[in-house]
Structure formats: structure tokens, C-alpha cells
Amino acid sequence: MAENRVLIIGGGSGGIIAANLLAEEGKKVTLVTDSPVHFFQPANLFIAFRGEPPEKYSRSVNSLLHQNVELILEKVTKLDLENRFAITEKNRKLDYDVVVVAAGASLDYDSLPGMRESLNRFGDYYSTPQSAVRLWETIRGLKKGKFVIGVPDLIIKCPPAPHKGTFLSASFFKKEKRDVSVELLYPSPHAYTEAELARTIEKKMEEFGNISVRTSFLIDSIDVERKVVVGMNGEEVAYDALAVIPFHKGPKIEINPADARDEDGFIKVDKNKLSISSYDDAYAIGDCTNAPTSKTGVAAHLGAFTVWRRIRGENAVYTGRTNCPMITDNEAIFVISDYENKPVGQRFSKLKRLMEDLFVSMYFPSLMHPRKFEPIFNAYFEATEPSVLGERGW
Amino acid sequence: MGEKKLVDARGMACPGPIAKLTRAYREAKNGDIIEVLATDQGFVADVKSWTESTGNKLVELKQDSSGVIRAVIEVTAKK
Ligand SMILES: Cc1cc2nc3c(=O)[nH]c(=O)nc-3n(C[C@H](O)[C@H](O)[C@H](O)COP(=O)(O)OP(=O)(O)OC[C@H]3O[C@@H](n4cnc5c(N)ncnc54)[C@H](O)[C@@H]3O)c2cc1C
């Protein structure tokens with residue numbers, strides 16, 4: 001068969017699932033990725049706000065892959081869609097019949113003045129587990145004052161993650177009985193991008209007592225000397241410690257043709273088929289695409305299944321389904337939407353928090369054996385269909 | 001005369017057109033015009049409260065028969 005050599009770029013959630021699905025049914029799969037370790041990114045929050053060790057959430061990519069997947073630990077620098085090959089930093093040429101790009105988003109700390117200094121000083125929970133450890137040291141050391149979480153831009157991984165950080169840090173300060181308040185600086189007019197969910201979240205923040213949120217706040221720069229965040233209209237917010245969510249861009253891979261990427265470097269896909277531009281032998285999944293949905297693990301996971309099916313010749317589509325958890329210490333809601341349906345209204349509940357803990361414990365096994373876990377996820381997705389939950393909420 | 005920028009956020013539901021509007025605003029200067037096209041129904045109320053609370057001017061807000069929302073914003077509040 002012509003499409004036997006499948007090249008997968010990126011060893012994150014999407015890339016590993018796609019590789020395992022395809023290898024299980026006998027395709028010749030090569031996965032090329034720039035890091036020998038796969039880290040479960042949502043755990044940055046558990047490291048930064050609970051002091052958990054990064055090792056608990058890290059595995060070697062090799063240990064997660066089906067034995068027949070060939071693993072190459074190199075960075076891809078160039079992808080030629082016209083001539084069907086990729087080039088690595090070591091000048092290795094990788095020919096393919098089908099390519100799946102799953103290289104995630106790249107983070108940018110340099111387009112906002114003061115952001116990199118702030119990262120170096122306080123840490124953050126987006127860039128690396130080490131930086132999350134740094135933030136834990138910051139949080140642990142903060143005896144009184146204000147911890148600010150700044151969101152300069154909304155096209156970010158896991159849109160509820162700024163709120164998760166707000167809730168988890170506020171819980172920590174409360175439990176420790178410290179006189180520390182948490183302030184979220186958010187660019188949209190409500191505490192979340194969708195108004196109904198925002199009301200639920202704002203209420204929960206009020207209940208906490210030590211959380212405040214400043215909406216329609218657009219961060220212009222950080223004055224590290226004076227310890228203030230400066231807004232675009234000139235307003236200032238003082239902080240004692242600060243975590244700023246970085247800007248997200250597409251992966252740093254040169255692509256031929258250049259117009260396969262948008263102005264931020266995200267790869268242009270058909271939002272349902274996930275094929276790149278007009279190519280039928282090239283796909284992109286997860287955070288590296290410009291699909292108009294949230295950048296979340298669920299999208300990468302479902303994208304991998306969609307592409308696997310399409311490569312098998314089925315007419316599968318991705319519906320834009322998201323499922324982003326927003327957790328407090330003991331409760332959760334899920335931001336559930338798809339291309340056709342806005343996020344479903346939610347109530348915080350302890351049961352949802354338990355479900356989130358179950359998903360976390362299933363994470364690594366579900367990467368290794370995606371087909372085995374498919375019925376469980378499908379049952380959950382069916383039961384929580386946005387069109388079904390609709391106005392009723394959940 | 002300011003510049004004019006078109007932001008096409010049609011088909012964008014989550015994180016929504018406000019995400020693209022704030023990106024355009026970041027690049028803009030006072031006097032510029034940002035025109036946003038969106039299909040997310042929440043955008044009508046959002047863009048009103050966003051322009052109000054950021055102190056910018058909502059010059060026009062319309063919805064055509066196919067449901068496409070068109071908002072024209074004049075940037076006036078940048079420092
Ligand atoms: C703080 C935080 C909390 C989150 N919480 C949740 C959550 O609760 N639920 C959820 O579903 N999602 C959550 N996410 C988002 C989730 O982690 C991502 O959406 C998911 O990892 C995307 O998978 P991906 O395969 O597209 O990209 P990634 O998992 O980022 O993988 C990309 C891979 O490509 C590799 N790579 C990059 N460039 C190259 C190159 N040039 N050559 C070779 N390899 C390359 C990288 O090393 C990486 O291994 C969270 C993210 C963060 C940061």
C-alpha cells in the first residue's frame with residue numbers, strides 16, 4: 001500500500017496516540033521528536049501549587065510507544081509537503097507517504113517587556129516542570145501580599161488553566177492561613193471567555209474570599225523593578241509574586257509551501273478532516289493547528305483517532321469537541337464545547353473532581369493503549385455531548 | 001489617519017472572537033479601526049462590555065440575516 005510509511009512529528013499526547021494506533025495495525029511508523037521525555041503538562045499545576053515531584057508525571061517517550069514504532073530523537077527543522085520529506089537538525093532526511101504533524105505550540109516569552117525576567121525570577125506553570133518547581137518555591141516563600149496571575153493573550157493551552165492556577169494557589173494560601181490574596185488579570189469582559197460559565201466561576205471566586213479578578217485587562221508590559229503589571233490603557237497592578245501565561249505560537253518548523261502556516265505559525269488545517277491545506281497525505285493534530293477550538297489534550301487525542309481512521313480510509317471527522325477541566329482543590333467543572341455548540345453551562349461538583357482524578361490516573365496507560373481505553377472515553381463523550389447537554393447544563 | 005484592520009473570527013466559539021480582537025488591539029494604536037466579523041452569538045454582548053470597560057469606541061454593531069456579527073471599533077484608549 002502506498003501510505004505505509006507514516007512519519008509522525010512530535011512525541012506529545014497527539015503524536016504518541018497516533019503512532020500507537022497506526023503501529024498496532026501494521027503500518028510502518030516513525031516518530032521523530034526533540035525530547036526523550038514525555039511530560040503530562042496539566043501536572044505543572046500540581047507541581048507549582050502542591051509541591052508534587054515532576055518525576056511522578058514524566059515518562060520516557062520510548063516506554064510509551066508500541067514496540068514497532070521507530071523512534072528518532074531529533075528536532076525537525078523543515079517539512080516539505082510538496083516533495084514528501086522532513087529534515088532534522090542533524091540533516092537527516094525522512095521520506096514519508098503520509099505525515100502527521102503533532103509538534104504542539106511553542107511558547108513565546110519575549111514579545112512582552114519584562115515577561116522573561118518575571119519567568120526567571122518567579123517561575124511559571126506553562127514552560128517546563130523545572131519552572132513549575134521554581135514557582136512552587138515562590139508560592140511557598142510568599143508569607144503575605146499578592147500573587148498575580150496575568151493572561152496577556154487568550155489563544156493558550158487549556159483556556160481554564162489560568163483559573164485553575166488561581167483556585168489552587170488561593171486554596172494553598174487559605175490552608176496555610178497566610179495573608180495572601182490572588183488576583184487574576186484577564187483580557188475578556190468576564191472572568192472567562194464564555195459569559196454563562198464566567199458567572200459560575202465568578203461566584204466560586206467570591207466564595208473563596210481571597211480571590212479577585214480584573215476583567216478587560218490587557219497586559220502591556222511588566223515593570224520588574226517597581227513590581228507592577230502595566231495595562232494597555234496605562235493602569236497598573238502591583239504584585240509581590242507573578243505568573244504570566246506566555247504567548248503561544250505554532251511550532252518552529254519551516255514548511256514548504258510557506259502558506260501552510262498562518263501568521264502565528266500555526267498549521268492551517270481543514271477543521272474537520274485535519275488535513276493540511278489541500279494535501280491528502282499530510283495531517284496536523286493538537287496544539288500545532290489553527291483549528292478554531294481550544295488547545296487541549298482532548299483535541300489532540302480525538303485528532304489522533306480521526307487521522308488514524310482517515311489513513312485507514314474511513315470518512316472520520318473531528319467535531320471540535322473539547323473537555324477542559326477547571327479544578328479547585330476539591331471540586332471541578334468541565335468546559336465542554338464543539339464547533340457547533342458553545343460551552344455547556346456547568347455546576348461545580350466533587351464528583352467531577354473525582355472524574356478528573358480518574359482521567360489523570362488513566363493518562364499514561366491511555367497513551368500506550370488507546371484502543372483499550374476508547375470505549376471508556378467514548379461512553380464519557382457520548383454522555384456529555386454538548387448538543388445533548390445543551391441548555392440543561394451539567 | 002489610523003490604519004484599518006479586519007479580524008475574521010467567524011466560526012470561532014471557544015476561546016471566541018474576543019481572543020482575536022485582543023490580539024489585534026495589542027498591535028493597534030489610537031485612531032486605528034478594528035473591524036471584527038464573528039458568528040458566536042455571545043460576541044454581541046461581549047464586544048459592548050469590552051469596549052465600554054476598556055474605554056474604546058464601538059462605532060458600529062450589526063448582525064446580518066445570515067447571523068454574521070460585524071463590529072467596528074475605534075481604538076481610543078491606548079496610553
Ligand atoms: C498548565 C497546563 C494545563 C493543562 N491542562 C490540561 C487539561 O487539564 N486537560 C487537557 O486536555 N489539556 C490540558 N493542557 C493542554 C495539553 O497539555 C495540550 O493540549 C496537549 O499536550 C497537546 O498535545 P500535542 O500532542 O498537540 O502537543 P504536545 O503534547 O505539546 O507535544 C508536542 C511534542 O512535539 C515535540 N516537538 C516540538 N517541536 C518539535 C520539532 N521541531 N521537532 C520534533 N519534535 C518537536 C515536543 O517536544 C513535544 O513532545 C494543559 C496544558 C498546560 C500547559
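As the structure is a computational prediction, the values presented were derived from the model and not from experiment. The sequence lines fix the lettering, A, B, ..., with proteins before strands; numbering per chain opens at 1.
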Within residues 153-162 of chain A, the residues sitting under 4.5 Å from chain B by heavy atom, in sequence order, are A/Asp153, A/Leu154, A/Ile155

Interface check, chain A: of B/Pro17, B/Gly42, B/Pro15, most non-hydrogen pairs under 4.5 Å belong to B/Pro15

Checking B/Lys48 against B/Phe43: charged group under 6.0 Å from the ring centre and within 45 degrees of the axis? no

Can we say A/Glu196 and A/Lys342 salt-bridge, meaning some charged N sits less than 4.0 Å from an Asp/Glu carboxylate O? yes

State whether A/Asp108 and A/Lys249 are salt-bridged, where the test is any N-O pair (Lys NZ or Arg NE/NH1/NH2 against Asp/Glu carboxylate O) under 4.0 Å. yes

Show, in sequence, the C-alpha distance, side-chain angles and deciding distance for A/Ser387 and A/Glu385, and conclude whether the side chain to side chain donor-acceptor pair (under 3.5 Å) test is met. CA-CA 5 Å; A/Ser387 62; A/Glu385 252 291 310; 2.9 Å; yes

A/Leu185 vs A/Glu183, side chain to side chain contact (heavy atoms under 4.5 Å, CB included): CA-CA, chis, key distance, verdict: CA-CA 7 Å; A/Leu185 306 180; A/Glu183 182 161 9; 4.0 Å; yes

Most heavy-atom pairs under 4.5 angstrom with chain A, which of B/Gly16, B/Ala19, B/Ala9? B/Ala19

A/Arg226/A/Glu236 ion pair, N-O < 4.0 Å: yes

Could you tell me whether B/Glu35 and B/Lys4 make a salt bridge, using a distance below 4.0 angstrom between a side-chain N and a carboxylate O? yes

Going from CE on B/Met12 to OG1 on A/Thr193, what distance comes out if it is rounded to the nearest 0.5 angstrom? 9.5 Å

Sort by residue number and list every member of residues 216-225 of chain A having a non-hydrogen atom under 4.5 Å from chain B. A/Ser216, A/Leu218, A/Ile219, A/Asp220

Which of B/Val7, B/Leu6, B/Ile69 passes side-chain contact (heavy atoms from CB on, under 4.5 Å) with B/Leu37? Answer is B/Leu6

Salt bridge check, B/Glu3 against B/Lys29: does any charged N sit closer than 4.0 Å to a carboxylate O? yes

Please flag which part of A/Leu197 lies under 4.5 Å from any non-hydrogen atom of chain B: side chain, backbone, both or neither. neither

Should A/Arg116 and A/Asp110 count as an ion pair when the cut-off is N to O under 4.0 Å? yes

Can you tell which of A/Ser294, A/Ser337, A/Cys324 has the highest number of heavy-atom pairs within less than 4.5 Å of chain B? A/Ser294

May I ask you to check if B/Lys78 and B/Tyr25 form a cation-pi contact, with NZ or CZ under 6.0 angstrom from the six-membered ring centre and within 45° of the axis? yes

Looking only at A/Asp264, A/Thr215, A/Thr322, the option with the highest number of non-hydrogen pairs under 4.5 Å against chain B is A/Asp264

Bottom line for A/Ser188: the part with an atom under 4.5 Å from chain B's heavy atoms is both

Nearest heavy-atom neighbours spanning B/Ala71 and B/Leu58: CB-CD1, 4.3 Å

Counting heavy-atom pairs under 4.5 angstrom with chain A, the leader among B/Thr54, B/Thr22, B/Asn56 is B/Thr54

For each of B/Ala45, B/Gly55, B/Ser49, tally heavy-atom pairs with chain A at distances under 4.5 Å, and name the one with the top tally. B/Ser49

